[in-house]
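First comes the structure, then the notes that go with it.
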Amino acid sequence: MDTISLIGKELAAALNSDTAERAAALTERGAAPRLVLVVANDDPASGWYVKSLQRAAGRLGIDCDTVDLGATATADAIRSQLRGLCADIAVDAVMLQTPLPDGVALQDVSSAIAAAKDVDGVSPHSLGLLATGLPGFPPATSEAVVELAKHHDIPLAGKHVAVVGRSNVVGKPLAQLLLAEDATVTVCHSRTTDLPAVTAAADIVVAAAGRAGLITGDHVREGAVVIDVGTNEGPDGKIVGDVDAASVQGKAGALSPVPGGVGPVTTALLMRHVVRAAEASRA
Ligand code: NAD
């Protein structure tokens with residue numbers, strides 16, 4: 001069977017063009033949208049991601065500053081910085097980068113990000129809004145999975161979706177978003193017994209485990225849709241997903257590539273959240 005490639009480029013471009021127009025309208029009113037990235041690590045991958053967010057913001061007319069607290073920042077220092085930014089009316093959106101310093105857990109500090117500025121939906125408040133179906137910002141990566149499926153006309157209502165991964169930033173919020181789309185959701189994790197049996201029973205498999213090559217042809221039933229959220233460093237330094245594309249190709253009905261699938265849509269949705277936050281605060 002031909003496996004359709006669920007590329008994210010077109011959707012990201014459409015989202016970005018809308019975001020750039022809205023950012024320009026805000027700037028014309030003297031209210032240019034402003035995102036602040038808070039960093040407390042010296043991790044090269046995080047540094048690379050920060051640069052790519054700065055470039056994306058710049059292209060769309062969004063001001064993007066970075067506050068670097070250093071890799072030894074305390075939880076108190078991070079919380080105090082986040083509270084200060086959330087109290088600043090000149091800041092529309094705040095994103096805390098991971099990894100955090102040793103001994104600092106995301107849930108210990110993310111509650112200091114006000115929901116109105118929490119454009120990556122990481123705080124317990126934002127996750128609660130999502131779980132209860134109230135308006136707020138969902139984590140952009142999870143939202144990207146749903147938007148990518150919709151863009152490629154993949155129905156979700158009534159479908160059985162197996163989500164592989166139960167983190168607070170991807171797997172769990174994605175399960176909530178899929179439930180809101182009337183999908184039947186099974187969340188799998190590292191202690192799931194017989195993962196291939198669970199995923200092979202699903203219409204749609206979403207791989208978000210951070211394990212290169214975890215999902216093979218044996219995990220997927222003929223014609224199923226496979227969406228790969230994983231971003232892992234391959235042996236040659238290149239980014240690879242969680243799906244062993246070679247063994248899934250020809251069996252799955254559709255597969256999202258890594259890179260070029262969920263990733264560009266995630267960044268585009270984040271930037272759309274920034275503009276929405278700015279519109280709401282200037283309304
Ligand atoms: P995480 O390490 O916090 O969580 C991984 C989850 O996968 C855990 O719940 C764990 O139980 C599960 N898991 C691990 N090994 C498993 C196995 N063998 N079988 C079944 N489940 C297993 O990771 P995360 O932050 O949720 O990120 C997941 C992946 O998504 C990573 O590769 C990350 O780089 C990627 N990611 C991509 C984007 C994007 O925009 N494309 C954004 C965020 C994260």
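Indexing begins at 1, ligand by ligand and atom by atom, following the structure's order. Numbering starts at 1 and runs along the sequence shown.
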Is there side-chain contact between D242 and N232, with heavy atoms separated by less than 4.5 Å? yes
With a 4.5 Å heavy-atom cut-off, do L85 and K117 have their side chains touching? no
Name the closest protein heavy atom to atom 11 (O) of ligand 1, giving the residue it belongs to and the distance to 0.1 Å. S190 N, 3.0 Å
What are the atoms of ligand 1, with element, lying closer than 4.0 Å to any heavy atom of V164? 20 (C), 21 (N)
V225 vs L6 side-chain heavy atoms within contact, under 4.5 Å: yes
CG-CZ distance between L96 and R79, expressed to the nearest 0.5 angstrom: 11.5 Å
Tell me every residue that passes ring-ring contact (aromatic ring centres under 6.0 Å, His included) with H219, counting only those two or more places apart in sequence or in another chain. none
For atom 17 (C) of ligand 1, find the nearest protein heavy atom and state the residue, atom name and distance (0.1 Å precision). L214 CD2, 3.9 Å
Who's the nearest protein heavy-atom neighbour of atom 25 (O) of ligand 1, and how far? V169 CG2, 3.5 Å
With a 3.5 Å distance limit and no angle check, can you tell me whether D88 reaches the backbone of G84 through a side-chain donor-acceptor pair? no
Provide the number and element of each atom of ligand 1 under 4.0 Å from a heavy atom of N232. 32 (O)
Does T216 reach the side chain of V243, with side-chain heavy atoms less than 4.5 Å apart? no
Interfacing atoms of ligand 1 (cut-off 4.0 Å, heavy-atom, H189): 11 (O), 19 (N), 20 (C), 21 (N), 22 (C)
For R166 and S190, what are the C-alpha separation, side-chain angles and deciding distance, and is it a side chain to side chain contact (heavy atoms under 4.5 Å, CB included)? CA-CA 9 Å; R166 61 171 162 187; S190 51; 4.1 Å; yes
pair V67-L37: side-chain heavy atoms closer than 4.5 Å: no
Quick one: does G171 get within less than 4.0 Å of ligand 1, heavy atoms only? no
Identify, for atom 6 (C) of ligand 1, the protein heavy atom at the shortest distance, and state residue, atom and that distance. G165 CA, 3.7 Å
Side chain or backbone of R211 under 4.0 Å from ligand 1, or both, or neither, by non-hydrogen atoms? side chain
Tell me: protein heavy atom nearest atom 31 (C) of ligand 1, and distance? G210 CA, 3.5 Å
Is V229 close enough to touch ligand 1? Criterion: a residue heavy atom under 4.0 Å from a ligand atom. yes
Protein residue, atom and distance nearest to atom 13 (N) of ligand 1, heavy-atom basis: A209 CB, 3.7 Å
Who's the nearest protein heavy-atom neighbour of atom 24 (P) of ligand 1, and how far? S167 OG, 3.7 Å
Under 4.0 Å from atom 2 (O) of ligand 1, can you find at least one protein heavy atom? no
Residue-level breakdown please: for T266 versus ligand 1, do any non-hydrogen atoms fall below 4.0 Å on the side chain, on the backbone, on both, or on neither? side chain
Using the rule that Ile, Leu, Val, Met, Phe, Trp and Tyr join whenever any side-chain heavy atoms are under 4.5 Å apart, tell me whether M95 and V109 fall into a single cluster. no
Can you list the atoms of ligand 1 that are under 4.0 Å from a heavy atom of R166? 6 (C), 8 (C), 9 (O), 11 (O)
Would you indicate whether the side-chain heavy atoms of P139 and V170 approach each other to under 4.5 Å? no
Among protein heavy atoms, which sits nearest to atom 43 (C) of ligand 1, and what does the distance come to when rounded to 0.1 Å? T141 OG1, 3.6 Å
